[in-house]
Amino acid sequence: MTALWLEHLTPEDRVSVKPHASPVLHALEYLLGSLDGSYLTTLREFGGLQSYPSRLKDPVPADYSTGSVGIGATAPIWGAIARRYVNTQLGAGGTGRQWSLVGDAELDEGAVWEAVLDPMVADLGEVVWVVDLNRQSLDRVVPMMGATRLQGMFAAAGWQVLTVKYGRLLEELFTRPGGGALRDRIDEMSNPEYQRLLRRDPADLRRLLPGEGPGAGDVRALIADVPDAELVAAVRNLGGHDLAALRDAFTAIDDTRPTVVLAYTLKGYGLATEGHPQNHSALLSEAQLHELAARLGTDPADPWAGFPAGSPAAGLLAEAAQRLQRRAHEPQPAPPVPADLGRTPSGTATTQAALGRTLLDLNRAAPEAGRRVVTVSPDVSSSTNLGGWVNKVGVWSHEDRRNWFADDAETILHWRERPTGQHVELGIAETNLVGALGELGATWSRWGQPLLPIGVLYDPFVERALEPWSFGIYAGGQSILVGTPSGVTLAPEGGAHQSITTPSVGLEQPGCTSYEPAFALDTEWCLLAAMARLGRPDGSSAYLRLSTRPVDQTLAAVPADPAARERRRRQVVAGAYPLRRSARPVVTLAAMGALVPEALGAAERLESLGLGADVVCVTSPGLLFRAVQGRRGLDGTPGWVLDSVFPADRAAPMVTLLDGHPHTLAFLAGVRGVPATHLGVTAFGQSGDLASVYRHHGLDVDSVVGAALDLVD
């Protein structure tokens, strides 16, 4: 970090700092004049410096939030794509490298290799990773030498690999007689054996360093004349601590492809805890702290003292501070998004198909908003109904690429890759999808250019993508995640592709509004409302759970009167609306998404039995729960939608119904304190036709009618 900030970074560069290096980042911010010294005593305090770098919570916003292992490391890859996208579309992304400071144990995370291997990454020459190769994880010294394997894996993915293993002291020893044997001995030594040598005195070093191999005699002869202090220093003289070695490596970076710098280091370098397997979070004693201060020429009583004015160090810092001044980007307001595109769908349609149709209609009705839409898919754009959109706007690439199937009459999906495209296609890795979404959703704060990013994936895999998407929201990325197809409604696909818990995930995710619409027009309204909350300081993300079940759109009973239609729209985007009102209700059926037709069918059956049934169509359980909390003063969400949809004079026993875990809607019974039965999915799915699968899970009309009868008896 010293080498980067004081010599190599430019103001346009961005750096993702490994979580445990946050104190170093804050120290640099202080020395460079951007962090007030009053913060230096507040690490991990409430309202103080964060334990891990944060874009939103630290007084000096970090370039990237880190702390979730593997996610911060890969973020600059998606930041590079977002910057290139903003450049090609809006001419405002600037230049600069995207750096990641990565711990070697962090490379155990699968998310790292999903990103390294993605087809879009090989051309990102601005991406540079510096791996802190200290060969320790939290609990132990990593047992096997992994550097050679890492070199091969990165190289196979098309990355430039630069290894900074030894410093000048060792390199000089290697040039002497016996130096080759010493290099081989250290190269072949296991990590634990090497780390143990660091804690030996000079006599033990002379005895143990030569080892027992064929070159032991040469090593023994070489070190015989090396003074004790020099021998102790040489053993720990690794390249990651040698500024000249790092300078050479950074100068050799090839900007035509991604680069990884494998920098060998010692955890706790220069401290009493150096190289010990249990040095994670270890603290120095007071005596050790004073010894360190004396060695560095500092005063423990004045730990924040700066360098003397006019000194070379002060001059270096002043030059770096001046060089790293970033120009402010004039923030552009998020484009206005219409609330209603004016269509009333008819016939039979799915909410999944409504997604692509809404995007195309938006492009025509509000071209400035449509211009800022960018869709992202992990190789499922056609099977999630984005084909028409992709044909219209094209696939984004930083350069034009030939479409070899342009003259094939049987090709339905036209794959035109060009810098003006608005669809980003990644490989089949959901983690990469949401990583890109997070960075595309942060362009409003990085470069003052808001985008409207929408990612589509199969709903069963939302949970696979949830952690990095959640971390992207935490870091200020505002985006829309669309999970489709969803639930056991995807009957023929079998249990492996039938999501159960995702409605609850949407209810619980901070910084996110979740919707599960039942009809095409509900989908349009919810999507437009979600888009209107993107790209602004007070904005938020959204999750839409859509279905492939064809539904008769006349069941939506959309009011023809403009005022009544607008009232319906407001209720839809607030979380629920009354779909069917009985003259004398004795039961309320509250249903969501694909199962609303079952609720309507059950209401008809109950009416034929002389039992009035109201049907409420729930579009967002999360918003309804916030309204409940708002009534108690625990949330700022107004509660008008609860009075509109569940008025006190129509309170009745309730059956809730959804294609997901039943507890998602269970809280609705508490709005009026009525007895209730909650129907949903609590077991892995089965293959079969829709009627059989619904019957198996107790979601069919018979099950709803039976539950209602049990309540009103």
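Since the structure is predicted, the reported quantities are computational estimates derived from the model, not experimental observations.
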Requested in this report: List for me each residue that meets ring-ring contact (aromatic ring centres under 6.0 Å, His included) alongside W99, sequence neighbours excluded, and say none if there are none.
Outcome: F250
Report summary line: Quick note, ring pair (Phe, Tyr, Trp, His ring centres under 6.0 Å) partners involving residues 503-538, not counting sequence neighbours, are none
Query raised in the report: For L546, does its backbone N or O pair with a side-chain atom of S486 as donor and acceptor, under 3.5 Å?
Result: yes
**Report entry** Value rounded to 0.5 Å, distance of CZ in R343 from CG in D361
**Finding:** 5.0 Å
Query raised in the report: Which residues pass the side-chain contact (heavy atoms from CB on, under 4.5 Å) test with E330, sequence neighbours left out?
Result: Q332
Query raised in the report: Would T484 and Q352 count as having a side-chain donor-acceptor pair, cut-off 3.5 Å?
Result: yes
Report summary line: Residues passing the ring-ring contact (aromatic ring centres under 6.0 Å, His included) test with F625, sequence neighbours excluded, are F667
Report task. Indicate the atoms forming the closest heavy-atom contact of S514 with L507, along with that distance. Result -> OG-N, 3.8 Å
What donor-acceptor contacts under 3.5 angstrom involve side-chain atoms of residues 457-464, with partners at least two apart or in another chain?
{"unit_1": "Y458", "atom_1": "OH", "unit_2": "S383", "atom_2": "OG", "d": "2.7"}
{"unit_1": "D459", "atom_1": "OD1", "unit_2": "Y543", "atom_2": "OH", "d": "2.6"}
{"unit_1": "D459", "atom_1": "OD2", "unit_2": "S499", "atom_2": "OG", "d": "2.6"}
{"unit_1": "D459", "atom_1": "OD2", "unit_2": "T502", "atom_2": "OG1", "d": "2.7"}
{"unit_1": "D459", "atom_1": "OD2", "unit_2": "R545", "atom_2": "NE", "d": "3.0"}
{"unit_1": "E463", "atom_1": "OE2", "unit_2": "T501", "atom_2": "OG1", "d": "2.1"}
{"unit_1": "R464", "atom_1": "NH1", "unit_2": "E430", "atom_2": "OE1", "d": "3.0"}

Query - Any donor-acceptor pair under 3.5 Å from S541 side chain to S479 backbone - result: yes
Query raised in the report: Got a salt bridge between E524 and R357, using NZ or NE/NH1/NH2 to carboxylate O under 4.0 Å?
Result: no
Query - Contacts of type ring-ring contact (aromatic ring centres under 6.0 Å, His included), residue W113, not counting sequence neighbours - result: F154
Query raised in the report: Any sub-3.5 Å donor-acceptor pair from S504's side-chain atoms to T664's backbone N or O?
Result: no
Query raised in the report: Of all residues at least two apart in sequence or in a different chain, which pass the ring-ring contact (aromatic ring centres under 6.0 Å, His included) check with H398?
Result: none
Requested in this report: Indicate yes or no: does E399 engage R418 in a salt bridge with an N to O separation below 4.0 Å.
Outcome: no
Query raised in the report: Is a side-chain N or O of R549 found less than 3.5 angstrom from the main chain of A594, in a donor-acceptor match?
Result: yes
**Report entry** More than 12 heavy atoms from other groups under 6.0 Å of OH on Y30
**Finding:** yes
Query raised in the report: Do R567 and D561 meet the salt-bridge criterion of a basic N to acidic O distance under 4.0 Å?
Result: no
Requested in this report: May I ask you to decide if G93's main-chain N or O and N87's side chain share a donor-acceptor pair within less than 3.5 Å?
Outcome: yes
Requested in this report: Using side-chain contact (heavy atoms from CB on, under 4.5 Å) as the criterion, list what pairs up with A365, not counting sequence neighbours.
Outcome: L341
Report task. Apply side-chain contact (heavy atoms from CB on, under 4.5 Å) to T344 and list each qualifying residue two or more places apart in sequence or on a separate chain. Result -> V558, R565
Report task. Could you tell me whether the side chain of R372 and the main chain of A334 form a donor-acceptor pair under 3.5 Å? Result -> no
Query raised in the report: Which residue pairs satisfy the ring pair (Phe, Tyr, Trp, His ring centres under 6.0 Å) criterion with at least one member in residues 67-87, sequence neighbours excluded?
Result: Y85-W396
Query raised in the report: Can you list the residues that meet the side-chain contact (heavy atoms from CB on, under 4.5 Å) rule with A475, with sequence neighbours excluded?
Result: S65
Report task. Applying salt bridge (charged side-chain N to carboxylate O under 4.0 Å, His left out), run through E12 and R97 and close with a yes or a no. Result -> CA-CA 7 Å; E12 293 294 311; R97 286 177 175 158; over 6 Å; no
Query raised in the report: Does S381 reach the main-chain N or O of S377 with its side chain, forming a donor-acceptor pair under 3.5 Å?
Result: no
Query raised in the report: What orientation do Y52 and H20 show, parallel under 30°, tilted 30 to 60°, or perpendicular over 60°?
Result: tilted
Report task. Using salt bridge (Lys or Arg N to Asp or Glu O under 4.0 Å) as the criterion, list what pairs up with E45, not counting sequence neighbours. Result -> none
Report summary line: Scanning both residues in full, the closest heavy-atom pair of L437 with P453 reads CD2-CB, 3.8 Å
Query raised in the report: Is the backbone N or O of G94 less than 3.5 Å from a side-chain atom of R83, with the two atoms forming a donor-acceptor pair by type?
Result: yes
